[in-house]
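Only heavy atoms go into these numbers, but all of them, side chains included; no hydrogens, no water, no symmetry mates.
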Amino acid sequence: MGMKYTPTREAAAMRFCLMNDMNQDMTSVIEAQMTAIGQRARAASRIVGCAETQAKDAALLAIAEALEAAETTLLTENRLDMEAGRAAGLEPALLDRLEITPKGVKAMAQGLREIAAQTDPVGEITDLKYRPSGIQVGRMRVPLGVIGVIYESRPNVTADAAALCLKSGNAAILRGGSEALHSNRAIAACIQQGLAVAGLPADAVQVIDTADRAAVGALIRMAEYVDVIVPRGGKGLIERISREARVPVIKHLDGVCHVYIDDRADLEKAIAVAYNAKTQRYGTCNTLETLLVAEDIADRVLPPLGRMYQEKGVELRGCARTHDLLPGIAAATEEDWYEEYLAPILAIRVVKGMDEAMDHIARYGSAHTDAIVTEDYSRARRFLREVDSSSVMVNASTRFADGGEYGLGAEVGISTDKLHARGPVGVEGLTTQKFIVLGDGHIRR
């Protein structure tokens, strides 16, 4: 009988070195590919940045038509991603974002047409004024240049981001998640058809066709070719990009959204708004995660609303007073007030009034979207003024915090930063301004 082979330490070390060398070689290949993509994007940005509005709109309309014509292909490719996602154990919220339906294809096409119908901000001159020297000074709106968008799950972002970048005169480098690879390839083919129809460069929109994480690392470090990064996805992805990027980032980490029901609220409105904000869709960043209720009306609001939530299958976690009114629910912990569940789970807290509600939002909120339900005009105005979030609402569901609902056609993301864009980032949010000066041989004395 032969002896069993046992690898020596030297052999194991050699194998480790070989694997490490292979990984380094692959990373070098991807970095070289990303550099080439960045160079092409920079060249394309000079062309698309000067493109006439008619050409950009023609591309958007052609992409919309291509998407509708390719509906069967899109659904087939998306089905492959959905099957792989289920097999991999993706969470329901991610599967919900991943799925493309016939309605979703129509929504993508409609979003493109709405963006095409918008006024082109590029080249707009504002604030033109004469100075004592005789020169005129104003501002012109211009593209940012090259925009990198990194996103998970949602394949519709491929169409939305491409459209917004094109309309605003920017070149785009789009990197979707590996879970949507088939869907993104199919959408990218439609985008290329539209660019060709309009005579715009194919490199104006490049969709990265690799799931390797090294592509993300390279993209967020290419400051010479990329002007801004927009990440859309889970907190882990956005934290990594914010930490490692050498390129400015437009981001939001969490969507810890609140609805505060004031003691001067119309109770029918309040129940409708709070129910819709939580249950209309669970896996989105503008979904209600913490409900705040004024103590004077809690006994009239929470019992009927609690029954509605529980009939819908929503798990409730509440403070001590909430537990008294809704016996049997789980006790909320300190961590619950910070939590973005993206699931049928809701934290509820009874507060003394609007001041305590706003203190809670300031402490635990994520500056995404917060709403008040009240019939008191003064309180509504004060809430709008004092709550420091990217969207603040009165008597409306937080689910309206969306580029399409705001009339932007679509959004490349929702920013909770204060610079340079805030809230849903549409066409204008992907531009900046430069000063222009008009003279007639003026010289400074």
Side-chain angles (χ1 to χ4, degrees), residues 13-49 81 84 88 143-155 157-159 161-162 164-166 170-189 191-192 195 200-251 253 412-413 430:
M14 182 176 293
R15 188 164 60 252
F16 174 80
C17 290
L18 288 171
M19 291 295 294
N20 192 47
D21 288 344
M22 289 174 63
N23 290 335
Q24 289 180 345
D25 289 344
M26 182 58 68
T27 299
S28 297
V29 169
I30 290 174
E31 288 181 348
Q33 291 172 343
M34 292 302 298
T35 297
I37 287 170
Q39 290 171 337
R40 294 197 299 269
R42 179 63 76 200
S45 71
R46 297 185 64 188
I47 299 172
V48 75
D81 290 329
L144 292 172
V146 177
I147 298 174
V149 186
I150 302 166
Y151 50 102
E152 296 174 331
S153 296
R154 302 182 188 218
V157 174
T158 304
L164 291 166
C165 290
L166 277 174
N170 296 288
I173 302 174
L174 311 180
R175 200 279 188 177
S178 58
E179 68 281 356
L181 201 57
H182 294 90
S183 305
N184 288 333
R185 284 172 179 164
I187 295 170
I191 293 169
Q192 289 302 312
L195 291 170
L200 293 175
D203 294 329
V205 179
Q206 298 179 78
V207 179
I208 306 303
D209 194 19
T210 177
D212 198 305
R213 288 167 57 90
V216 173
L219 179 59
I220 63 178
R221 292 193 300 269
M222 298 197 305
E224 64 270 44
Y225 303 122
V226 180
D227 295 288
V228 68
I229 294 288
V230 181
R232 290 187 65 168
K235 188 173 182 178
L237 169 73
I238 297 172
E239 284 181 334
R240 176 204 168 189
I241 290 171
S242 301
R243 182 175 61 251
E244 299 178 8
R246 296 178 187 169
V247 180
V249 178
I250 298 174
K251 67 182 185 300
L253 288 175
V412 74
L430 297 179

### Query
Is it true that R221 and E31 make a salt bridge, defined as a side-chain N closer than 4.0 Å to a carboxylate O?
yes
### Query
What's the spacing between I150 CD1 and I241 CD1 if we round to 0.5 Å?
3.5 Å
### Task
Check the pair D209, L181 against side chain to side chain contact (heavy atoms under 4.5 Å, CB included), reporting the backbone distance first and the verdict last.
CA-CA 7 Å; D209 194 19; L181 201 57; 3.9 Å; yes
### Query
What do the steps show when you test V249 against I229 for side chain to side chain contact (heavy atoms under 4.5 Å, CB included), and what is the final call?
CA-CA 5 Å; V249 178; I229 294 288; 4.3 Å; yes
### Query
Is any side-chain N of the basic residue among R240 and E244 closer than 4.0 Å to the acidic one's carboxylate O?
yes
### Task
Decide yes or no for Q33 and I208: does some side-chain heavy atom of the first lie under 4.5 Å from some side-chain heavy atom of the second?
no
#### Entry: Side chain to side chain, L174 and Y151, heavy atoms closer than 4.5 Å
yes
### Message
Taking the basic N atoms (NZ, or NE/NH1/NH2) and the acidic carboxylate oxygens, is any pair closer than 4.0 Å for D212 and R175?
### Response
no
## Note on the structure
Output for pair (E224 CD, Q39 CD), nearest 0.5 Å, gives 8.5 Å
#### Entry: Minimum heavy-atom distance A171-V48, with the two atoms named
N-CG1, 3.9 Å
#### Entry: Straight-line distance of M222 CE to M34 CE, nearest 0.5 Å
4.5 Å
### Query
Which atom names give the shortest non-hydrogen contact between G233 and I238, and what distance separates them?
O-CD1, 3.5 Å
### OG on S45 to CZ on R40, rounded to 0.5 Å
13.5 Å
### Task
Without swapping roles, check the side chain of E239 against the backbone of L253 for a donor-acceptor pair under 3.5 Å.
no
### Task
Decide yes or no for L166 and L195: does some side-chain heavy atom of the first lie under 4.5 Å from some side-chain heavy atom of the second?
yes
### Message
Ignoring hydrogens, what is the shortest heavy-atom contact between Y225 and T35? Give both atom names and the distance.
### Response
CE1-CG2, 3.9 Å
### Query
To the nearest 0.5 Å, what is the distance between OG1 (T210) and CD1 (I30)?
5.0 Å
### Task
Taking all non-hydrogen atoms of both residues into account, name the closest pair between I191 and A162 and its distance.
CD1-CB, 3.6 Å
### Task
Locate the shortest heavy-atom distance separating A204 from A44; write the atom from each residue and the value.
N-CB, 3.7 Å
### Task
Mind checking the CD-CG spacing from E179 to N184? Nearest 0.5 Å is all I need.
8.5 Å
### Message
Among I173, I37, T158, which residue satisfies the side chain to side chain contact (heavy atoms under 4.5 Å, CB included) criterion with V207?
### Response
T158
### Query
Does the N170 side chain pair with the main chain of L144, one donor and one acceptor, at a distance under 3.5 Å?
yes
### Query
Heavy-atom distance under 4.5 Å between the side chains of V228 and I147, does that happen here?
yes
### Task
Please confirm whether the backbone N or O of H182 pairs with a side-chain atom of D81, one donor and one acceptor, at under 3.5 Å?
yes
### Message
Please give me the minimum heavy-atom distance between I47 and P201, naming the atom from each residue.
### Response
CG2-CD, 3.9 Å
